[in-house]
2 protein chains.
Amino acid sequence: MTAPRKTPRQQRSRETVAAILEAAAQLFQRHGYTATTTNKIAERAGVSIGSLYQYFPNKEALLAALAQEHLETATASLIQAFARAAEQHPPLHTLVRDLTQFVAALHTERPALHRLLFDQAPRTPELVTRFREAEQQIAAALADELRRLGVGGPDPEMSALLAVQGVEAQIHGAALDPPPGRTMADCLGAIAGLWTRALAEPG
Amino acid sequence: MTAPRKTPRQQRSRETVAAILEAAAQLFQRHGYTATTTNKIAERAGVSIGSLYQYFPNKEALLAALAQEHLETATASLIQAFARAAEQHPPLHTLVRDLTQFVAALHTERPALHRLLFDQAPRTPELVTRFREAEQQIAAALADELRRLGVGGPDPEMSALLAVQGVEAQIHGAALDPPPGRTMADCLGAIAGLWTRALAEPG
DNA sequence: ACCGAAAATTGAGGATAGCTCGCATTATGG
DNA sequence: CCATAATGCGAGCTATCCTCAATTTTCGGT
């Protein structure tokens, strides 16, 4: 159960919730999930521990709320950037290069939060579901472009989803520990090259 | 700290450690990591809680030991299967198809343990490192074959690593929730097709 | 066979962290 | 202005991880 226990109705309580989430984000990022106690979060937020549990049923729900927020903004910004890039009807290799760079940007912009959610957090079914939904949204946007270009093989939706999943994993790996002797740019270039070839098959 | 606290020297203690790990595996898989208490593990193993902490410094170390065991056997069996498949010097598309099926087998053979390690366990730096090492071993084996076939672009090691990371993520996704209207076999076919094209570029 | 040392086992309990619950305080709206 | 709802509070309950001093078992040398 990670759903909010009670929705704040007054301005005062909305500020309380915001303060709690802000404090949770800071402490989780600085000390990790398990090392952060809910009492410390409440203390830093300037509220009592009772208030915290008024709005969040358990510690995990704090993480779920942060994850949802991050996934929503990240997905939205990525889809927006992708849509802007697609406006000019670029060729496949440009589209793929842009996509990889947008995904890479997610890892460099808020690296601490990103790594918190992907490397430290216990992966609850709810978190996994949210993540899958984000993947599918991005894949849908990519699939549209593949269809427009007449590529992506007989099943562009499937190809798009596999591309999103693959690019995510590859860039995460490159950001975590890039192969010796290769820069991040090398990795991005290789990833873009691979996927341009992989997706080039006519529909 | 997940390193063993003390290495068992007598037969008796080796059996104790084995019983603890067996109990931990069962309970973790049945009830999840956090819901399993160390006292329950000791109880099911038929030893006292003190004995458990004689050999494992903390709860996390139990998971790390299970993870190391699973990763080692999985990596070894995958590399062995891959080597056997490569003996007959097959073409690229056969090699890629075999690789995807071997990886898929890891997800179907011991699904509970696999999902435990990938979806529930808190990802400690040590676990992440072990996982990276396994990836690199498999990638090295694949890179050899790419070189033999004269494919994989200018940097076959990089291509191989990206392929291993990508295939792992895609098959994990397909096993977790396959796209609507597609069977697992559809997914495997699509994955193999994509990577055959991606890796086909001459060196 | 015997003995001292090392290895192994034990389980009550300390320390700590997640979470509850009854009460106090503040806001709302009629 | 007051009844009601919303919000805030924090001591303390409960459960879990882990320690430690005492006990039992095994081993190696004589």
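Protein chains get the first letters and strands the later ones, always in sequence-line order, with residue 1 at the start of each. Basis for what follows: all heavy atoms, side chains included, without hydrogens, waters or symmetry-related copies.
B:Arg132 pairs by the salt bridge (Lys or Arg N to Asp or Glu O under 4.0 Å) definition with B:Glu135, not counting sequence neighbours. Under the side-chain contact (heavy atoms from CB on, under 4.5 Å) criterion, A:Gln54 pairs with A:Lys6, sequence neighbours left out. With sequence neighbours left out, B:Thr38 forms a side-chain hydrogen bond (donor to acceptor under 3.5 Å, both in side chains) with B:Tyr53.
Interface limits on DNA chain C: the 5'-most and 3'-most nucleotides within less than 4.0 Å of chain B heavy atoms are C:dA7 to C:dA12.
Within the 4.5 Å cutoff, the side chain of A:Phe131 has no heavy atoms near those of the A:Gln136 side chain. In this structure, A:Leu71 and A:Leu117 have side chains that are not in contact, with every pair of non-hydrogen atoms separated by 4.5 Å or more.
Taking a cutoff of 4.0 Å between a charged side-chain nitrogen and a carboxylate oxygen, B:Glu157 and B:Arg147 qualify as a salt bridge. Comment: A:Arg148 engages A:Glu145 in a salt bridge, judged by a side-chain N to carboxylate O separation of less than 4.0 angstrom.
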Which protein N or O atoms sit under 3.5 Å from an N or O of nucleotides 1-6 of chain D?
none

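Taking CG from B:Leu194 and CG from A:Leu162, the interatomic distance works out to 5.5 Å, rounded to the nearest 0.5 Å.
Closest approach of A:Ala19 to A:Ala45, counting heavy atoms only: O-CB, 3.6 Å.
Judged by distance alone, the side chains of A:Gln137 and A:Glu133 never bring a donor and an acceptor atom under 3.5 Å apart.
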Inset, instruction - Any chance you could list the contact pattern along nucleotides 14-20 of chain D? Use B for base contacts, S for sugar-phosphate-only contacts and - for none, protein heavy atoms under 4.0 Å, 5' to 3'. - result: --SBBB-

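One finds no side-chain N or O of A:Ser51 lying less than 4.0 angstrom from the OP1 or OP2 phosphate oxygen of D:dT7.
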